[in-house]
There are 2 protein chains.
Amino acid sequence: MTDQTMTIRQMCEDFDVTPRTLRFYEAKELLFPQREGQKRLYGKRDRARLKLILRGKRFGFSLEEIRQLLDLYYMNDSQATQLRETYVLAEKHLADMKAQRAELDEAIAELQTQMDWGRSRLAQIDPQQAKAS
Amino acid sequence: MTDQTMTIRQMCEDFDVTPRTLRFYEAKELLFPQREGQKRLYGKRDRARLKLILRGKRFGFSLEEIRQLLDLYYMNDSQATQLRETYVLAEKHLADMKAQRAELDEAIAELQTQMDWGRSRLAQIDPQQAKAS
DNA sequence: CGTCACGTTTACGTACACGTCATCTTTTCT
DNA sequence: AGAAAAGATGACGTGTACGTAAACGTGACG
């Protein structure tokens, strides 16, 4: 684990995942760490990719969708022919995320309304412990 | 399907789910439609609950988490003892959603940056078809 | 009266995202 | 050197969220 690369353990601790998960992502071609003999060595690129993978998961994208999106972030010059295609895909995902944000805002507002109601109910029942928002 | 109630088909069309899904949610105690003989009849309450279920799913909550959250929205007076407990749970979910929104904002910003870069690349390669944002 | 369309239950099947052994090298510590 | 720790591969298991097929009931329609 010279230089900028790290072992699987280190990665697991940094990102709070298991070795199994990292090997699984590799099998699904979302990560491709270098090998030093048998051992996997994760570099800067892998860390950046993993960050995006985990983020994508939190937003409900499947690993397969994420795999395709990673192409946008790690496009090289020789893949210029696929650039437009990838760009269109990215537009869809961006629209998805914006829609999700709008819905999320609405959901937050509604839940907060419910909680205001709940808090007033609590205040009636149990006046001494009422909290502020 | 008198009055304010509707059949399973109608529900499926309105919410774009399958009958299997609705029965599954019922088995998991997220929905409890009335019965007219054998047949399920979905009322206003069920529709509101289903809306929340589908929303929760889009935000990455499991059905079990959603089931617990539904208690907040459909709390009745006799469950006042559980109100505080439910309130605390709701606070966690609200915090979750706010964190998710923050991350989502970041992700949107980053993706947009990437797309700006991609668009400029496209413009170089293929000047006539360049689009605006 | 038959035959659909719609609904029900029960049961098995499936895709996804890993968890959990078992077994085997390869390092690393003492 | 010997044991423990870390890493690898392969295979099978697991939880979630349904899909799908079989077998049956039941009201509506030509």
Side-chain angles (χ1 to χ4, degrees), chain A residues 1-43 46-47 49-70 93 96 100, chain B residues 1-43 46-47 49-70 93 96 100:
Chain A
M1 59 184 192
T2 53
D3 204 19
Q4 310 286 14
T5 70
M6 54 208 277
T7 72
I8 200 168
R9 278 295 155 199
Q10 188 90 48
M11 286 290 278
C12 291
E13 284 165 18
D14 285 13
F15 289 95
D16 193 34
V17 295
T18 68
R20 177 71 176 95
T21 299
L22 293 182
R23 297 192 192 105
F24 183 75
Y25 291 167
E26 188 176 347
K28 290 299 179 78
E29 298 182 80
L30 280 88
L31 291 177
F32 2 82
Q34 298 162 27
R35 294 297 181 107
E36 179 184 295
Q38 278 269 77
K39 300 191 174 175
R40 291 168 174 82
L41 287 180
Y42 296 87
D46 298 301
R47 286 192 291 278
R49 290 179 74 96
L50 183 53
K51 184 183 170 189
L52 291 174
I53 293 166
L54 298 178
R55 168 185 287 171
K57 286 202 58 186
R58 280 191 296 277
F59 298 150
F61 296 122
S62 74
L63 293 184
E64 175 54 24
E65 288 173 311
I66 292 167
R67 194 187 61 71
Q68 295 181 44
L69 266 188
L70 284 172
H93 278 277
D96 268 20
Q100 202 172 336
Chain B
M1 59 184 196
T2 53
D3 205 19
Q4 311 286 15
T5 69
M6 54 208 278
T7 72
I8 201 168
R9 279 294 157 200
Q10 187 92 47
M11 286 291 279
C12 292
E13 283 165 20
D14 284 14
F15 290 95
D16 193 32
V17 294
T18 68
R20 178 68 176 96
T21 299
L22 293 182
R23 297 192 192 106
F24 184 75
Y25 291 166
E26 188 176 346
K28 290 299 179 77
E29 298 182 77
L30 280 88
L31 291 177
F32 0 83
Q34 299 162 25
R35 294 298 181 107
E36 179 183 295
Q38 278 269 77
K39 300 188 175 177
R40 291 167 173 83
L41 287 181
Y42 297 87
D46 298 301
R47 285 192 293 278
R49 291 179 74 97
L50 182 53
K51 184 184 169 187
L52 291 174
I53 292 167
L54 298 178
R55 168 184 288 170
K57 285 202 58 187
R58 280 192 296 275
F59 298 149
F61 297 122
S62 72
L63 293 184
E64 175 53 25
E65 289 174 310
I66 293 167
R67 195 187 60 72
Q68 295 181 44
L69 266 187
L70 284 171
H93 278 277
D96 268 20
Q100 200 172 338

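FYI, side chains are in, hydrogens and waters are out, and symmetry mates aren't considered; it's all heavy atoms of this structure. Note that this is a predicted model, so its numbers are computed, not measured.
- Atoms OH and OG1, from B/Y42 and B/T5 in turn, are 11.5 Å apart once rounded to the nearest 0.5 Å.
- Atoms CG and CG, from A/L69 and A/L52 in turn, are 9.0 Å apart once rounded to the nearest 0.5 Å.
- Shown are A/R49, A/R67, A/R35, A/R20; of these, the salt bridge (charged side-chain N to carboxylate O under 4.0 Å, His left out) with A/E26 is made only by A/R35.
- The CD atom of A/E26 sits 15 Å away from the P atom of C/dC18 (whole-angstrom rounding).
- In the displayed structure, B/E64 atom CD is contacted under 6.0 Å by more than 12 heavy atoms of other residues, nucleotides or ligands.
- Atoms CD (B/E13) and C1' (C/dA5) sit 13 Å apart, rounded to a whole Å.
- For residues 54-64 of chain A, proximity to DNA chain D is found at no residue, defined as any non-hydrogen atom under 4.0 angstrom from a strand atom.
- Contact annotation: A/T18 reaches the phosphate of C/dG19 (side-chain N/O to OP1 or OP2, under 4.0 Å).
- Each of C/dC12, D/dG7, C/dT8 was ranked by its minimum atom distance to the side chain of B/R20; first place goes to C/dC12.
- Atom CG of B/L54 sits about 5.5 Å away from atom OH of B/Y25, to the nearest 0.5 Å.
- When distances run from any side-chain atom of B/F24 to the nucleotides D/dA17, D/dG7, C/dT8, the shortest one goes to D/dA17.
- Close to D/dG19, at under 4.0 Å from its OP1 or OP2, lies a side-chain N or O of B/T21.
- Judged by atom type and distance alone, B/R23 does not reach the base of C/dT9 through any side-chain donor-acceptor pair under 3.5 Å.
- Residues A/C12 and A/P19 come closest through the heavy atom pair SG-N, 3.3 Å.
- Counting heavy atoms from C-beta outward, A/L31 and A/I53 have side chains that approach closer than 4.5 Å.
- Distance CD/B/Q34 to CG/B/D46: 7.5 Å, rounded to 0.5 Å.
- Inter-axis angle, ends of the helix from C/dC1-D/dG30 to C/dT30-D/dA1, five pairs per end, rounded to 10 degrees: 0°.
- At whole-Å resolution of the value, CG in B/L41 and C1' in C/dG7 are 11 Å apart.
- Residue B/Y25 has no polar side-chain atom (N or O) positioned under 4.0 Å from OP1 or OP2 of D/dA17.
- Distance, B/Q10 CD to C/dA5 P: 19 Å, rounded to whole Å.
- Atoms CE and CG, from A/M11 and A/L22 in turn, are 5.5 Å apart once rounded to the nearest 0.5 Å.
- Distance CD1 (A/I66) to P (C/dC16): 13 Å, rounded to an integer number of Å.
- For B/R40 against C/dT8, no side-chain N or O and base N or O form a donor-acceptor pair under 3.5 Å.
- The NZ atom of B/K28 sits 9 Å away from the P atom of D/dC18 (whole-angstrom rounding).
- Going from atom CD1 of A/I53 over to atom P of C/dC18 covers 10 Å, rounded to whole Å.
- Taking atom CD of residue B/Q38 and atom P of nucleotide D/dA23, one finds them 18 Å apart after rounding to whole Å.
- If you take CG on A/D96 and CZ on B/R58, they are separated by 11.0 Å, rounding to the nearest 0.5 Å.
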